Every structure is written in structure tokens, then in C-alpha cells.
Visitor: 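One structure follows; several queries about it will come next.
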Amino acid sequence: MFDRSASRRRLATAAVALSLLGTLSTSAWAGSHDTRPAAATAVRATPVPSTAGSTTALCGYAIQSTAKVTDSAADVSSPGCPAAGWYPAGSRSTVLAALLADGVYADPFHSTAHQRIPEADFTDSRGRTVSRNVYWLSTRADTLDRARTDWYHTPTTAYADLTGLGGTARVPVTATASTTAGARGTSTTTVTVRGPRTGKAPSLLTDVHLVDSKGRPVLPVRWSDHQVGLWPGESATSTATYRTADLHGAVPRVRISGWNTPERTVPAA
């Protein structure tokens with residue numbers, strides 16, 4: 001979203017949680033454009049050319065954790081809202097990239113620096129997890145040919161190496177599931193998947209699928225979340241809501257599988 005007005009309208013955004021090797025993430029963050037105190041005179045708007053393919057760099061953005069922002073959304077979206085202690089950020093930056101650039105965290109590619117980045121899920125005001133994303137990073141970053149970049153593409157001359165994931169140890173995941181009848185002919189199946197209590201390897205890209213007694217997918221289904229990464233000792237609970245008639249009289253079951261997780265099916269009656 002671009003701020004083209006002279007009044008320096010702020011952007012109120014929430015960024016998704018990030019996870020890096022089980023130790024990296026951020027909570028919700030609010031974003032703001034031009035965090036300087038409001039001036040007595042009007043601020044000149046950044047001119048944006050209308051030529052197709054042109055680019056315009058916008059500056060003055062900053063971010064802060066919503067756990068530390070006490071102002072209302074309306075106040076944050078207004079010129080002159082106090083922004084002391086906010087972190088400068090580029091208009092195209094991610095939360096983590098901005099915090100790395102600001103020196104909050106050390107380069108996660110160096111040694112064990114990623115272990116010093118705290119873990120946290122993205123939760124709502126009630127403490128419920130609404131986003132938890134796990135990313136695997138190579139010890140060798142992509143090499144970008146920035147001299148040849150254009151408005152939509154930057155060539156890559158060397159790629160990151162993620163082949164190590166192919167040797168990830170197999171991790172068994174257990175699961176329990178139950179189903180309750182809802183209103184208007186719907187049912188809700190609640191699934192809890194658990195990683196092993198011991199070991200060092202996580203369960204990567206762990207999928208859960210609702211199936212009938214013959215293993216056929218029950219569709220359509222609305223999942224609260226159906227793919228998670230589990231670190232040793234962790235668990236995650238998801239719900240699936242669907243039309244009861246789509247079971248065609250079968251007893252619901254849940255199939256669990258993943259990148260390094262053996263497939264198994266558990267009852268969900």
C-alpha cells in the first residue's frame with residue numbers, strides 16, 4: 001500500500017509470524033509510514049510517475065510490535081502519532097528483514113545466530129494462534145544479480161542449497177481426533193497432532209486430511225489449519241468443518257503424513 005498524500009497517512013498492518021529452525025518468529029507488528037512528528041507545514045507527497053514499468057522508492061516506514069503499541073488503530077493511522085522506539089523499515093521489507101537491518105538480531109546465516117532470535121506465534125487478542133509459519137533456510141543464500149534487476153524480476157546466479165532436507169530423520173507423529181455434530185447439517189472434526197517428546201528432528205510439513213472409511217478425501221472441507229511443523233514435544237490442534245452428508249454415511253477418519261512423517265490414519269468418530 002502506497003501513501004501518496006501530503007498528510008502522511010499511516011499504514012496499520014499486521015505481519016505474519018516467522019519461524020526459523022524452530023527458534024525464530026515474531027508476533028504481530030504494526031506498520032507506519034513516516035513516523036516523524038507531524039510538522040506545522042504540509043509534507044510534499046512523493047511523486048509517482050504513471051509510466052508503465054517505472055519504480056518509485058518510498059521511505060519513512062517503521063514497525064513496532066503490537067504488544068508495545070497502546071494507541072488505537074485510528075491513532076496509529078493519524079499523522080503525529082508518537083513513534084518513539086519504532087524500527088525503520090523499507091516499504092518492501094518483511095518484519096524479520098527490517099529487524100535484521102536495524103541490528104535487533106544478528107545475521108541468522110552466521111554460526112548459531114538464529115538460536116538467539118526468540119520464538120513466538122502470531123496470536124490474536126484472546127491468545128489464540130492465528131498464524132505459525134516455519135521456514136527452512138540454507139546455510140548458503142541465493143546470489144542475486146541486482147545489477148540486472150528490473151521492476152518485476154531480479155536474476156539469480158546461484159541458488160540456496162536445501163538438499164540437506166532430503167536426509168531429515170523420520171519422525172513419527174501421533175494424533176487424536178473427535179467429531180461433533182453442528183448446525184444446519186454440518187460436522188466439525190477436531191484433530192490434535194503431537195511430535196515425539198525426545199529427539200532433535202522436527203516433523204516438517206505435517207499434513208492432516210479428512211477421509212472416509214475407504215481412505216477417500218471428504219470434500220469440501222474448511223480447515224482452521226491443516227499443515228504444521230512440529231518440534232520435539234510440540235502439539236497443534238486444528239478443526240475441519242464440512243457437510244455431514246459428504247461422509248455418505250461413513251465414519252470420519254483423519255490421515256496424517258508429512259515430509260519426514262510416516263503416513264497413518266486415526267479414527268475421528
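Fair warning: this is a prediction, and the values are worked out from it, not measured in the lab. Computation of the quantities below employed the complete heavy-atom set of this structure, encompassing side-chain atoms and omitting hydrogens, waters and symmetry-equivalent molecules.
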Visitor: Would a distance-only check, ignoring hydrogens and angles, find a side-chain to backbone donor-acceptor pair under 3.5 Å from D161 to T163?
Guide: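 Checking the backbone N and O of T163 against the side chain of D161, a donor-acceptor pair under 3.5 Å is found.
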Visitor: To the nearest 0.5 Å, what is the distance between CH2 (W259) and OG1 (T168)?
Guide: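 Between atom CH2 of W259 and atom OG1 of T168 there are 7.5 Å.
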Visitor: Are L204 and L162 joined in one hydrophobic group, where the rule is that I, L, V, M, F, W and Y side chains link up if heavy atoms are under 4.5 Å apart?
Guide: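 Same cluster: L204 reaches L162 through Ile, Leu, Val, Met, Phe, Trp or Tyr contacts under 4.5 Å.
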Visitor: Tell me whether the count of non-hydrogen atoms from other residues, nucleotides or ligands lying under 6.0 Å of CZ in R222 goes above 12.
Guide: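 It does not: R222 CZ has 12 such atoms or fewer within range.
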Visitor: R194 versus L230: any side-chain heavy-atom pair under 4.5 Å?
Guide: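 No, side chains not in contact.
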Visitor: So, applying side-chain contact (heavy atoms from CB on, under 4.5 Å) with V173, which one of V228, V193, V208 is it?
Guide: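 Single pass found, and it is V193.
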Visitor: Return yes if a side-chain donor-acceptor contact under 3.5 Å exists between T192 and S235, otherwise no.
Guide: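 No, no side-chain donor-acceptor contact under 3.5 Å.
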Visitor: Is it the case that the side chain of N260 and the backbone of P202 share a donor-acceptor pair, with hydrogens and angles ignored and the cut-off at 3.5 Å?
Guide: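 Yes, the answer is positive, given that a donor and an acceptor are paired below the 3.5 Å cut-off.
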Visitor: Within the structure provided, determine whether V76 and V69 are in side-chain contact (heavy-atom separation under 4.5 Å).
Guide: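 They are in side-chain contact.
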Visitor: When rounded to the nearest 0.5 angstrom, what distance separates CZ in R243 from CG in L219?
Guide: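 Answer rounded to 0.5 Å: 10.0 Å.
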Visitor: Quick one: pull up CG in L165 and CG in L205 and give me the separation to the nearest 0.5 Å.
Guide: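 One gets 8.5 Å once the value is rounded to the nearest 0.5 Å.
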Visitor: Using the rule that Ile, Leu, Val, Met, Phe, Trp and Tyr join whenever any side-chain heavy atoms are under 4.5 Å apart, tell me whether V211 and Y242 fall into a single cluster.
Guide: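 As far as the 4.5 Å side-chain criterion goes, Y242 and V211 are not connected within one cluster.
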Visitor: I want to check something: taking the side chain as every heavy atom from C-beta on, are E234 and P232 in contact at a cut-off of under 4.5 Å?
Guide: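 Contact flag for E234/P232 side chains = no.
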Visitor: Over all heavy atoms of both residues, which pair between V191 and A177 is shortest? Give the atoms and the distance, please.
Guide: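 Closest heavy-atom pair between V191 and A177: CG2-CB, 4.1 Å.
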Visitor: Do V104 and I63 belong to the same hydrophobic cluster, where Ile, Leu, Val, Met, Phe, Trp and Tyr are linked whenever their side-chain heavy atoms lie under 4.5 Å apart, directly or via other members?
Guide: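 Result: yes, single cluster for both.
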Visitor: When I256 is tested against each of T265, D207, T206 for side-chain contact (heavy atoms from CB on, under 4.5 Å), which residue passes?
Guide: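 Considering T265, D207, T206, a side-chain contact (heavy atoms from CB on, under 4.5 Å) with I256 is found only for T206.
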Visitor: I want to check something: taking the side chain as every heavy atom from C-beta on, are L210 and W223 in contact at a cut-off of under 4.5 Å?
Guide: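 The answer is yes, as the side chains (C-beta and beyond) meet within the 4.5 Å cut-off.
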Visitor: Any donor-acceptor pair under 3.5 Å linking the side-chain atoms of T189 with those of T179?
Guide: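 Checked: T179/T189 side chains pair up, N/O donor to acceptor below 3.5 Å.
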Visitor: Decide yes or no for R148 and P155: does some side-chain heavy atom of the first lie under 4.5 Å from some side-chain heavy atom of the second?
Guide: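 Touching, per the 4.5 Å side-chain cut-off.
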Visitor: So, does Q64 use its side chain to make a donor-acceptor pair with the main chain of A83 at under 3.5 Å?
Guide: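 Judged by distance alone, no pair lies under 3.5 Å.
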Visitor: So do V218 and L247 actually touch side chain to side chain, heavy atoms under 4.5 Å?
Guide: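 In contact.
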Visitor: Could you measure the distance from the CG atom of D142 to the OG1 atom of T156? Nearest 0.5 Å is fine.
Guide: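 Answer for the CG-OG1 pair, D142 versus T156, is 5.5 Å.
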Visitor: Can you tell me if D71 uses its side chain to pair, donor with acceptor, with the backbone of D75 under 3.5 Å?
Guide: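 It does not hold such a pair.
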Visitor: Let me see the working for T261 and S203 under side-chain hydrogen bond (donor to acceptor under 3.5 Å, both in side chains), right down to the final yes or no.
Guide: CA-CA 6 Å; T261 301; S203 173; 2.6 Å; yes
Visitor: Determine yes or no for a side-chain-to-main-chain donor-acceptor pair under 3.5 angstrom, with R140 supplying the side chain and Y159 the backbone.
Guide: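 Checking the backbone N and O of Y159 against the side chain of R140, a donor-acceptor pair under 3.5 Å is found.
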Visitor: Looking at D225, is its backbone amide N or carbonyl O close enough to the side chain of S238 to form a donor-acceptor pair, meaning the two atoms are under 3.5 Å apart?
Guide: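 Side chain of S238 to backbone of D225, a donor-acceptor pair under 3.5 Å: yes, one is there.
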Visitor: Answer whether the closest heavy-atom distance between the side chains of P262 and R170 falls below 4.5 Å.
Guide: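 When only atoms from C-beta onward are counted, R170 and P262 do touch, with a gap below 4.5 Å.
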Visitor: Minimum heavy-atom separation for A201 to V171, with atom names?
Guide: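 For A201 versus V171, the nearest heavy atoms are O-CG2, 3.6 Å.
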Visitor: To the nearest 0.5 Å, what is the distance between NE2 on H209 and CD on Q227?
Guide: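 So the gap between those two atoms works out to 8.0 Å.
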Visitor: Between atom OH of Y87 and atom OG of S65, what is the distance when rounded to the nearest 0.5 Å?
Guide: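 Between atom OH of Y87 and atom OG of S65 there are 8.5 Å.
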Visitor: Is D212 close to H248 at the side-chain level, that is, under 4.5 Å between some pair of heavy atoms?
Guide: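 Of all side-chain heavy-atom pairs linking D212 with H248, none is under 4.5 Å.
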Visitor: Do T143 and T157 pair up side chain to side chain, a donor and an acceptor below 3.5 Å, judged on atom types alone?
Guide: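 T143 vs T157: no donor-acceptor pair found between side chains.
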Visitor: Report yes or no: does R255 contribute a side-chain atom to a donor-acceptor pair with the main-chain N or O of G215 at less than 3.5 Å?
Guide: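 Side chain of R255 to backbone of G215: a pair is present.
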Visitor: Of all heavy-atom pairs between A89 and A98, which one has the smallest distance, and what is that distance?
Guide: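 Between these two residues, the closest heavy atoms are CB-CB, 3.7 Å.
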